[in-house]
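To start, the structure under review is shown below, and the notes come after it.
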Amino acid sequence: SDSGRAVGKGRMAPIRVFVNAVNSFTSHHIAKYLANAAIGSSGADEDAEEEEEEGVPPKETYEIIGTLSDPTAAPPRWLSETVDSNDRGALRTAMLSCRYVIVDIGSDRSQLELCRWAVDMMRDSMMEFPRVGKIFICVSSVMTWAKTRPADPEGDPTAPILEDEYKRRRAHAKFRAELELEKHVTQQGRNTKGRFRTFIVCSGLQYGEGEDWLHGLFKAAWHLDTPALPVLAPGKQVVPMIHVNDLASLVHCVLETPPEVRYILALDNASGTQSLSEVALAVADRLGNTKTEVVPVPDVPLDVTQPATVEERLTINVRLEAAAIKELNVKWRAQSGISEAIDGVVAEYRSVRNLKPLRVLVHGPPMSGVPELAESLAKMYKLNLLSKESIVNDAIAELEASAAYLDRSPPESGEEAKVDEVAMEAARDAKTRLEELEQSKAENKGAYDPTQIMEWTKQRVLSMTCQNQGYVITNYPETDEQAMAVFAADENAENTEAPNPLTVPEFIFALDAPDEVLMKRAMELPPKDAPPGSEFSEEGMRAALPSFRKLNDEDAEREDDGNTVLNFFDFKEIHPTYMDVAEMTHYDVLKAVRNVLPAPRNYGPTEEEKIEIDRQNSERRAAKKAEADRIKADNDAREFAIHEKNQVAWTEKADEIKRQEAEALQASSIPLRTFLMKHVMPTLTEGLAEVCRTRPDDPVDALAEYLFKNNPRID
């Protein structure tokens, strides 16, 4: 059934493909591609595929069997069967049941031993194979070419090394074992009469689908933590690359239409010419701030026992030209290289990493908690924190920084002088602009022109930082006119009446409380937080609250006679969330807002931030435990004091009862004592004295006899 796939009339057995470590980047995308590729589609025309009739059942796809590099990880849904990589018996059964076996050794050196064992085992078992035979593909890395001498070192140093020169390739020190294994796999596929064919697919550094080796570059560009995107020196090195889905498509082609050559370079067309600096510049242009900077490579001693680092992979310099891949029907994503396909690659990166900007507007009167909420959201969701004041200050600071270039000493000549002239021109423009702004400010009672502030705000929300991470902005725009100007659609947009979807807030939170509550909060502020004349002083609040109400009360009379800024968003189907915060704490408001917002759509905390979060959580738990212990100790002390007090009161009451009982007993015993002293004690005393004097043998009987004889009543 494995050979001809015929297992019954009208029914075909699935074609099984073994892929190692399917949860690693390279193997994952190769296996996923094959799991979704129709059998026999590698040679099909894409237009023909699109013209398939509706209602036709989907074509058969490959059945994927594989191992997991992390046994604890959940297997992908498209993986038909998981095999324990440590169980050689199960591996042998699984591989021999497959027509195609694919082993990636370029990503993880721990797979080298598995690859060698697998190719040897299959070579030894090839006489058991069906007539159609089996194919073994070893996916390697261009790091096995890293030290290959240029094609024409004395003539044209930019001449690429051709694919058919693979026999003279020289590996990076850490990839010598991979090079030897490539040769071994090739050797095992010879003289097999077609029963067992082996191929080496030597892949460039893969990009796309969220990135692998280039992830650090993309992440640095997205974060915009530095003025320029760092590029490892020298920057001019040519690093052969390929989109990971193009690599997967090539593997698919090799399975279905095996080429004559057994060694195939998996590279895009730019791999012989495009430098790392050019790649970085393309990334910075679409994802960062359009600037790059060459930085030195970390000086770390070479340790061949350790896996190759990202820095080592990105600092090779080898110009290669692929040949076989051009003859195969690869369904290219980025045939011309990453720079040409950067828009699609960046879109994939954002989608796979779920890096979608979150845009939030927090609105409310003074003392309603607007800045506190915005600051918490910015920190929690890693958003840019914007306000009218910060936007103005940043714009002025940028102009001042540019104008400051006029004060530096200019270079004398050369390329730097040309660059300097451009910077000097920009500096002169910045200085002129600052002077114009100061004049406008003086004419406008110390305030910048509202139109200029709207333009600065529009530029800010369109900036790459806000496009990447998003923003949370407080109380601006203030009017519907400002909102229309700031969030206006691009002039080429289909619907110019709708706000720009790339800049307009997705979520709006309108906080409010009665004026008396807000005034009370302001009055309770310490003097240092509400100095005289500030917005939060008594006089400041008495001016700020009516001004805010006038701008935002729908029934208030306004000079422009327009809608409020919240009406603007409401009419645009961006409905604000109104919150009465009079009885709510900051944490209550934050919790309610988080219930409305989606989960963060960006990178999680860094390792340093995780450590800080763990420290804060530990401190919070310790403080909570200490507070609980303190409360328990206070309760125990209070209960003990009450117990002691009750004990003293009980003792005093018991003593009083005893005293009263003693007094009652004393009082009740007086008649008895009187009677005894008068009628009993005199005779009894004399009798006892007599008994003591005579000392009879039976003193009790003698005393009784005496009392009987001397009883006064008898007398």
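The structure displayed is predicted, hence computed values, not measured ones.
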Item to complete: Calculate, to the nearest 0.5 Å, the distance between atoms CG and CD belonging to Leu434 and Glu400 respectively.
Response: 6.0 Å
Worksheet item: Does some side-chain heavy atom of Thr577 sit less than 4.5 Å from a side-chain heavy atom of Phe507?
Response: no
Discussion item. Can you tell me how far apart CZ (Arg594) and OG (Ser376) are? Round to the nearest 0.5 Å.
Written reply: 10.0 Å
Worksheet item: Hey, are Arg601 and Glu506 close enough for a salt bridge, meaning a charged N less than 4.0 Å from a carboxylate O?
Response: yes
Response to the item:
Per ring pair (Phe, Tyr, Trp, His ring centres under 6.0 Å), Phe218 is matched among Tyr207, Trp213, Tyr349 by Tyr349
Fill in: Side chains of Asn602 and Arg353, donor plus acceptor under 3.5 Å
no
Worksheet entry | Option among Ile473, Thr474, Val370 that satisfies the side-chain contact (heavy atoms from CB on, under 4.5 Å) test with Ser387 | Thr474
Worksheet item: Is a salt bridge present between Asp449 and Lys441, judged by a nitrogen-to-oxygen distance below 4.0 Å?
Response: no
Discussion item. Does this structure show an ion pair linking Lys219 with Glu211, if we count only N-O contacts that are shorter than 4.0 Å?
Written reply: no
Worksheet item: Below 6.0 angstrom between ring centroids: does that apply to His29 and Tyr33?
Response: no
Discussion item. Return the NE2 to OG1 distance between His363 and Thr564, rounded to the nearest 0.5 Å.
Written reply: 7.5 Å
Fill in: Lys/Arg-Asp/Glu bridge criterion (N-O < 4.0 Å) met for Glu436, Arg433
yes
Worksheet entry | Under-4.0 Å salt bridge between Arg542 and Glu538 | yes
Practice prompt. Before accepting this row, confirm whether a basic side-chain N of the pair Glu209/Arg333 lies closer than 4.0 Å to the acidic partner's carboxylate O.
Written response: yes
Worksheet item: Would you call Glu619 and Arg615 a salt bridge, using N to O less than 4.0 angstrom?
Response: yes
Fill in: Ile338 and Leu214: CA distance, side-chain angles, deciding distance, side chain to side chain contact (heavy atoms under 4.5 Å, CB included) verdict
CA-CA 11 Å; Ile338 185 172; Leu214 293 181; 3.9 Å; yes
Discussion item. Under a 4.0 Å threshold between the charged nitrogen and the carboxylate oxygen, would Arg428 count as salt-bridged to Glu425?
Written reply: yes
Item to complete: Look up atom CH2 in Trp456 and atom OG1 in Thr451, then write down how far apart they are to the nearest 0.5 Å.
Response: 11.5 Å
Item to complete: Give, for atom OG of Ser339 and atom CG of Leu281, the distance between the pair rounded to the nearest 0.5 Å.
Response: 8.0 Å
